[in-house]
S.K.: 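First the structure, which I've put down as structure tokens, then a few questions once you've had a look.
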Amino acid sequence: MRIATWNVNSITARLPRLLAWLEGSGTDVLCIQETKCTAGQFPADELRELGYESAVHADGRWNGVALVSRVGLSGVVTGLPGGPEYEGVQEPRAISADCGPVRLWSVYVPNGREVAHDHYAYKLRWLQALKTAVAQDAAAERPFAVLGDFNIAPADEDVWDIAAFEGSTHVTAAERSALEALRSAGLSDVVPRPLKYDHPFTYWDYRQLSFPKNRGMRIDLVYGNGPFAEAVKDSYVDREERKGKGASDHAPVVVDLDV
DNA sequence: ATGACTGCACTTTGCAGA
């Protein structure tokens, strides 16, 4: 079974690429982030024509997550249980479901903006709630994984130049501790292989030729429990999808499972 | 070739993204 996670940066703008990529890659389940649409605008009909069911949690121009599956989609839970509010709103940043033999979460962790910003404290609270929410499934026998845009580079090597990130979000000790807490709950980082160069970056800024210069970050992560990690046969970043006109600034992370 | 941001709404400017 082939699963993947991809921050599409607007599912409306990305729809032609999304449909072509699903067909071409043979993906069975895709975790989507940053749909940037209302629930009604989500292209469920177009996906159904390709054989995919959809589960969506989205409310407008920002955020928005989804799961699309051609191997079953049931037990859908929208939102992060116990998740914090930002400016009085519980934002649509998490959705989970049973997809065939595995249970998956698609998450879009808050960006944080700046370390001194309220959004950063919100990010840390959100990650704490995520750890609590996934603990039971993480410890279970069933293959289980949290996939998505974590907006954290787990190690210095996961950014193109750590010196360029001094004082920035995405690389702080507190954010990395939140990932460590997820690992202590029984999840492990399923690191993909790069298709080019020596490091599996998943995001490259649109500006300043970041992609051609390979100034990237590994922030789209797959955190799986033991049974999930044991089932992984291969994983890679499909950087080809970052090329050309109309690309998202994130590339899909693909995981092949023997389940 | 991989090429100097993009998407969207508060829409011709601002905000967010990371």
Side-chain angles (χ1 to χ4, degrees), chain A residues 5-18 21 32-43 58-66 86-89 91-93 107-124 126-127 148-176 178-179 194-221 236-253:
Chain A
T5 180
W6 189 14
N7 179 324
V8 296
N9 185 19
S10 170
I11 199 164
T12 306
R14 216 64 57 215
L15 187 58
R17 273 190 178 249
L18 172 66
W21 187 82
I32 300 173
Q33 300 87 40
E34 284 210 81
T35 58
K36 290 187 170 177
C37 66
T38 63
Q41 291 168 329
F42 189 86
D59 68 1
R61 79 178 287 199
W62 302 116
N63 314 307
V65 288
Y86 186 71
E87 295 181 341
V89 177
E91 298 174 316
R93 294 179 176 276
V107 301
Y108 177 48
V109 176
N111 173 290
R113 297 182 190 167
E114 296 172 17
V115 172
H117 200 288
D118 286 347
H119 211 258
Y120 177 80
Y122 165 59
K123 180 180 194 175
L124 296 179
W126 201 95
L127 288 160
D149 179 355
F150 281 71
N151 272 317
I152 304 171
D156 289 356
E157 295 70 34
D158 292 315
V159 296
W160 59 277
D161 178 8
I162 191 61
F165 289 82
E166 185 169 352
S168 297
T169 61
H170 294 62
V171 298
T172 67
E175 289 165 286
R176 289 175 174 171
L179 291 181
L195 293 184
K196 188 177 180 183
Y197 304 122
D198 61 354
H199 204 78
F201 295 141
T202 66
Y203 162 86
W204 299 261
D205 196 288
Y206 282 126
R207 293 164 290 188
Q208 300 175 319
L209 290 171
S210 294
F211 184 59
K213 293 178 178 176
N214 199 34
R215 294 178 174 177
M217 306 172 73
R218 186 172 79 91
I219 55 176
D220 299 273
L221 307 177
Y236 63 91
V237 181
D238 189 357
R239 72 186 302 284
E240 294 300 310
E241 188 52 43
R242 180 61 179 79
K243 296 180 180 179
K245 187 175 175 62
S248 171
D249 42 3
H250 296 250
V253 177

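All values below were derived from every heavy atom in this structure, side-chain atoms included, with hydrogens, water molecules and symmetry-related copies excluded.
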S.K.: Does A:Asp149 reach a base, just sugar-phosphate, or nothing at all? Heavy atoms under 4.0 Å.
M.R.: sugar-phosphate
S.K.: Check whether the side chains of A:Tyr86 and A:Asn63 place a donor and an acceptor atom closer than 3.5 Å, and report yes or no.
M.R.: no
S.K.: Mind checking if A:His117 touches a base, just sugar-phosphate, or nothing, with heavy atoms under 4.0 Å?
M.R.: nothing
S.K.: Answer with base, sugar-phosphate or nothing: what part of the nucleic acid does A:Thr12 contact at a heavy-atom distance below 4.0 Å?
M.R.: sugar-phosphate
S.K.: Consider only side-chain N and O atoms of A:Glu241 and A:Ser248, and report whether a donor and an acceptor are under 3.5 Å apart.
M.R.: no
S.K.: Return the nearest nucleotide to the side chain of A:Ser10; candidates are B:dC8, B:dA18, B:dT2.
M.R.: B:dC8
S.K.: Within the 4.0 Å heavy-atom criterion, would you say A:Arg113 contacts the bases, only the backbone, or no part of the nucleic acid?
M.R.: sugar-phosphate
S.K.: So which nucleotide from B:dT6, B:dA18, B:dC8 ends up closest to the side chain of A:Tyr206?
M.R.: B:dT6
S.K.: For the P atoms, the ones on B:dA18 and on B:dG7, what distance do you get once it is rounded to whole angstrom?
M.R.: 14 Å
S.K.: Once you apply a heavy-atom cut-off of 4.0 Å, does A:Asp205 come out as touching a base, just sugar-phosphate, or nothing?
M.R.: nothing
S.K.: Mind checking the C1' distance from B:dT6 to B:dT11? Whole angstroms is fine.
M.R.: 15 Å
S.K.: Could you measure between the two P atoms, the one in B:dT2 and the one in B:dC8, and give it in whole Å?
M.R.: 24 Å
S.K.: Just call it for A:Trp204: base, sugar-phosphate, or nothing, with non-hydrogen atoms closer than 4.0 Å on any strand.
M.R.: nothing
S.K.: Is the A:His117 to A:Tyr120 ring centre distance short of 6.0 Å?
M.R.: no
S.K.: Could you tell me how far apart A:Arg242 (CZ) and B:dT6 (C1') are, to the nearest whole angstrom?
M.R.: 10 Å
S.K.: With sugar-phosphate meaning primed atoms plus P, OP1 and OP2, does A:Asn7 contact a base, only sugar-phosphate, or nothing at under 4.0 Å between heavy atoms?
M.R.: sugar-phosphate
S.K.: May I ask you to say what A:Gly60 touches in the nucleic acid, namely base, sugar-phosphate or nothing, with a heavy-atom cut-off under 4.0 Å?
M.R.: nothing
S.K.: Tell me, with the steps shown, if A:Phe150 and A:Ile219 meet side chain to side chain contact (heavy atoms under 4.5 Å, CB included).
M.R.: CA-CA 6 Å; A:Phe150 281 71; A:Ile219 55 176; 5.9 Å; no
S.K.: If you only use heavy atoms from C-beta on, which nucleotide in B:dA18, B:dG7, B:dG17 is closest to the side chain of A:Arg61?
M.R.: B:dG7
S.K.: Evaluate the criterion side chain to side chain contact (heavy atoms under 4.5 Å, CB included) for residue pair A:Val159 and A:Phe201; output intermediate values, then yes/no.
M.R.: CA-CA 8 Å; A:Val159 296; A:Phe201 295 141; 5.6 Å; no
S.K.: What is the separation between atom OH on A:Tyr120 and atom P on B:dA16, rounded to the nearest whole Å?
M.R.: 19 Å
S.K.: Output the rounded distance in Å from CH2 (A:Trp62) to P (B:dC15).
M.R.: 10 Å
S.K.: Take atom CG of A:Asp249 and atom P of B:dC5, then tell me their distance rounded to the nearest Å.
M.R.: 13 Å
S.K.: Between B:dC5 and B:dC10, how far is it from one P atom to the other, in whole Å?
M.R.: 26 Å
S.K.: OP1 or OP2 of B:dT6 versus the side-chain N and O atoms of A:Asn9: is any pair under 4.0 Å?
M.R.: no
S.K.: Regarding A:Tyr203, tell me which of base, sugar-phosphate or nothing describes its non-hydrogen contacts under 4.0 Å with the strands shown.
M.R.: sugar-phosphate
S.K.: Are a donor atom and an acceptor atom from the side chains of A:Lys123 and A:Asn111 found within less than 3.5 Å of each other?
M.R.: no
S.K.: Given atom NE2 of A:His119 and atom C1' of B:dA18, what is their separation to the nearest angstrom?
M.R.: 12 Å
S.K.: Scan A:Tyr197 against the nucleic acid and name what it touches under 4.0 Å (heavy atoms): base, sugar-phosphate only, or nothing.
M.R.: base
S.K.: Identify, between A:Ala13 and A:Arg239, the residue whose nearest nucleotide on DNA chain B lies closer to the 5' end.
M.R.: A:Arg239
S.K.: Quick check: closest heavy atoms across A:Asn214 and A:Tyr197, and the distance to 0.1 Å?
M.R.: ND2-CD1, 3.2 Å
S.K.: Identify the heavy atoms of A:Phe211 and A:Lys243 that sit nearest to each other, and give their distance.
M.R.: CE2-CG, 3.6 Å
S.K.: Take the protein atom CD1 of A:Ile162 and the nucleotide atom P of B:dA18, then report the distance between them rounded to whole Å.
M.R.: 17 Å
S.K.: Would you say a side-chain N or O of A:Tyr108 is under 4.0 Å from OP1 or OP2 of B:dA18?
M.R.: yes
S.K.: Distance check needed: B:dC5 P versus A:Lys245 NZ, whole Å only.
M.R.: 14 Å
S.K.: I'd like to know if A:Asp156 pairs up with A:Arg176 as an ion pair, taking the criterion as any Lys NZ or Arg NE/NH1/NH2 lying under 4.0 Å from an Asp or Glu carboxylate oxygen.
M.R.: yes
S.K.: Taking atom P of B:dA16 as reference, at what distance in whole Å does atom CZ of A:Arg207 sit?
M.R.: 14 Å
S.K.: Tell me which residues in residues 208-216 of chain A put a heavy atom below 4.0 Å from DNA chain B, sorted by number, or none.
M.R.: A:Gln208, A:Leu209, A:Phe211, A:Pro212
